[in-house]
K.L.:
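Starting off with a structure, shown below.
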Amino acid sequence: MTTSRTSAAPRPTAGALRLVEAGTTRPRSVDIGAYAHRMTAHCPYLAPSLQQGLTTWTVYRADGDAEAVQAELFHAGAQAAEWLRPLLSRPHGLLRCENIVLVGEVPGVGHRGLLAWPHWVLKNLYGPVGVMFGKFYAGEEEVTAAGRRIPAAPASFLPVRAAVRRRDPRFLHATPDLAAALAAADDDGRDVFEHIPTQWKDIRTWARNHLPPRKPLPSSLDTQAPPPRSSS
C-alpha cells in the first residue's frame, strides 16, 4: 500500500492554486484537444490512451506569489503520482496519464520559472518508483533529439504517467543518475517522502543536492533561478 505525507504536512501555501477543472478528459477552460491529437505522432501510447479515456487534465489557476504557487504545484504533482501508483499494475495502467495544467500569471515570473522546481523535485522523488514527470510550456515549440518539431502547447502543464523503462531514460541524458534510477524503477510501495522534509523550502533545498554538478547554481538561487533545463 502506498502512502503519502503530502496531505499531512502543514501547507501555509494552500490556496495559491485555484482549481478550475478536476480530472476531465475534455477540459473546457483550455483548448487542448487538437493539440493532444497532434501529439499522438510523437508518443505511441497517447493515441490508445485518448481512445480509452485514460488521459485526463486537471486545470489550476495561479493565485499567489511564485514560491506559494511552486509549492502547490509540487503538492498537486505528488497527489497525482500517488493516485496513479496503484493503478499502474492494473489493466491499461501504462496508458494512464494525468496532466496538471497551469493557467494565470504571477507577476515577474513566467511559467518556466514556476514549473521548473516542482518538476525537478517530482522527477527525483518518483522516478525510482516508475512514475515519470514531464513539462511543457505554453507557446513554446520544441525539437526532439531526432530533429522533429513538437507542436507548441496551448497551455503549460506537467504530464504524470508510467515510466517506459526502455525509452524514458534516454530523455534524461543530462542527469545520468536519474536515468539509471528510472531504468531500474520498481514500485515496492515505499513512502517516497520518508527521508525528505515536508516544507517546500526545505524540499527545494534537498533537491539542490541532485542537480547535475556540471552546472553549478548561484548561491542566491530562488524562484527566479530554476534548475538547469533537461531534455524532458
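This chain uses plain numbering: 1 for the first residue, then up along the sequence.
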K.L.:
Test side-chain contact (heavy atoms from CB on, under 4.5 Å) on Asn99 and Leu158 and set out the steps.
P.N.:
CA-CA 6 Å; Asn99 297 282; Leu158 297 174; over 6 Å; no
K.L.:
Please report the closest heavy-atom contact between Ala78 and Leu122, naming both atoms and the distance.
P.N.:
N-CD2, 3.6 Å
K.L.:
Which residue is it: Leu115, Val103, Ile100? I am looking for the one with a side chain to side chain contact (heavy atoms under 4.5 Å, CB included) to Ser156.
P.N.:
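It is Leu115, the one option of Leu115, Val103, Ile100 that forms the side chain to side chain contact (heavy atoms under 4.5 Å, CB included) with Ser156.
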K.L.:
How many angstroms lie between atom CG of Leu46 and atom CD of Gln51, to the nearest 0.5 angstrom?
P.N.:
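The CG atom of Leu46 sits 9.5 Å away from the CD atom of Gln51.
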K.L.:
Can you check side-chain contact (heavy atoms from CB on, under 4.5 Å) on His111 and Phe157, steps first, answer last?
P.N.:
CA-CA 9 Å; His111 284 189; Phe157 67 99; over 6 Å; no
K.L.:
Heavy atoms only: give me the nearest Ala162-Leu84 pair and the separation to one decimal.
P.N.:
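Taking Ala162 first and Leu84 second, the nearest heavy atoms are N-CD2, 4.1 Å.
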K.L.:
For the pair Arg85 and Val129, evaluate side-chain contact (heavy atoms from CB on, under 4.5 Å) and give the outcome as yes or no after the intermediate values.
P.N.:
CA-CA 8 Å; Arg85 287 174 70 182; Val129 295; 3.9 Å; yes
K.L.:
Under the salt bridge (charged side-chain N to carboxylate O under 4.0 Å, His left out) rule, collect the residues that match up with Asp188, sequence neighbours excluded.
P.N.:
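In terms of salt bridge (charged side-chain N to carboxylate O under 4.0 Å, His left out), with neighbours along the sequence ignored, Asp188 is linked to Arg190.
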K.L.:
Are any of the side-chain heavy atoms of Val30 and Pro154 separated by less than 4.5 Å?
P.N.:
no
K.L.:
I need the minimum non-hydrogen distance between Gly134 and His119, along with the two atoms involved.
P.N.:
O-CD2, 3.3 Å
K.L.:
Identify, with sequence neighbours excluded, every residue that meets side-chain contact (heavy atoms from CB on, under 4.5 Å) alongside Ala36.
P.N.:
Leu50, Trp57
K.L.:
For Thr25, enumerate each residue passing the side-chain contact (heavy atoms from CB on, under 4.5 Å) test, keeping only those at least two apart in sequence or located in another chain.
P.N.:
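Applying side-chain contact (heavy atoms from CB on, under 4.5 Å) to Thr25 gives Thr56.
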K.L.:
Could you pull out all residues at least two apart from Ala81 that satisfy side-chain contact (heavy atoms from CB on, under 4.5 Å)?
P.N.:
Tyr126, Val131, Phe133, Val160
K.L.:
May I ask you to decide whether Arg204 forms a salt bridge with Glu67, counting only side-chain N to carboxylate O separations under 4.0 Å?
P.N.:
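Yes, Arg204 and Glu67 are salt-bridged.
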K.L.:
For the CG atom of Leu114 and the CG atom of Leu17, what is their distance to the nearest 0.5 Å?
P.N.:
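Taking CG in Leu114 and CG in Leu17, the distance rounds to 9.0 Å.
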K.L.:
Side chains of Ile150 and Met39: closer than 4.5 Å at any heavy-atom pair?
P.N.:
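Yes; the side chains approach each other to less than 4.5 Å.
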K.L.:
Does the side chain of Arg161 reach to within under 4.5 Å of the side chain of Arg96, using non-hydrogen atoms?
P.N.:
no
K.L.:
I'd like to know if the side chain of His75 reaches the main chain of Trp200, judged simply by a donor and an acceptor atom lying under 3.5 Å from each other, with no hydrogens or angles considered.
P.N.:
no
K.L.:
Taking atom CG of Asp191 and atom CD1 of Ile196, what is their separation to the nearest 0.5 Å?
P.N.:
9.0 Å
K.L.:
Using side-chain heavy atoms (C-beta onward) and a distance below 4.5 Å, is Thr58 in contact with Val101?
P.N.:
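No, every pair of side-chain atoms sits at 4.5 Å or beyond.
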K.L.:
Roughly how far, to the nearest 0.5 Å, is the NE2 atom of His37 from the CD1 atom of Ile32?
P.N.:
11.5 Å
K.L.:
Please check this pair: side chain of Asn124 against backbone of Trp120, looking for a donor-acceptor N/O pair closer than 3.5 Å.
P.N.:
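Side chain of Asn124 to backbone of Trp120, a donor-acceptor pair under 3.5 Å: yes, one is there.
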K.L.:
How close do Ala185 and Gly127 get, heavy atom to heavy atom, and via which atoms?
P.N.:
CB-O, 3.3 Å
K.L.:
Can you name the nearest heavy-atom pair linking Val121 to Ala207, along with the distance?
P.N.:
CG2-CB, 3.5 Å
K.L.:
Pair Phe74, Leu125 - check side-chain contact (heavy atoms from CB on, under 4.5 Å), show working.
P.N.:
CA-CA 11 Å; Phe74 165 74; Leu125 274 181; 3.8 Å; yes
K.L.:
For residues 13-25, which residue pairs qualify under salt bridge (Lys or Arg N to Asp or Glu O under 4.0 Å), counting only residues two or more places apart or in two chains?
P.N.:
Arg18-Asp63
K.L.:
Tell me every residue that passes side-chain hydrogen bond (donor to acceptor under 3.5 Å, both in side chains) with Thr205, counting only those two or more places apart in sequence or in another chain.
P.N.:
Arg208
K.L.:
Which residues satisfy the ring pair (Phe, Tyr, Trp, His ring centres under 6.0 Å) test with Trp206, sequence neighbours excluded?
P.N.:
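Result, ring pair (Phe, Tyr, Trp, His ring centres under 6.0 Å) vs Trp206: His210.
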K.L.:
What closest approach, in Å, do Tyr35 and Ala152 show between heavy atoms, and which atom pair accounts for it?
P.N.:
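Reported closest heavy-atom pair: CD1-O, 3.6 Å.
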K.L.:
Would you call His42 and Pro151 a side-chain contact if the rule is heavy atoms closer than 4.5 Å?
P.N.:
yes
K.L.:
Sequence neighbours excluded, which residues qualify as side-chain contact (heavy atoms from CB on, under 4.5 Å) partners of Ser49?
P.N.:
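With sequence neighbours excluded, Ser49 shows a side-chain contact (heavy atoms from CB on, under 4.5 Å) to Leu54, Thr55, Leu95, given in chain and number order.
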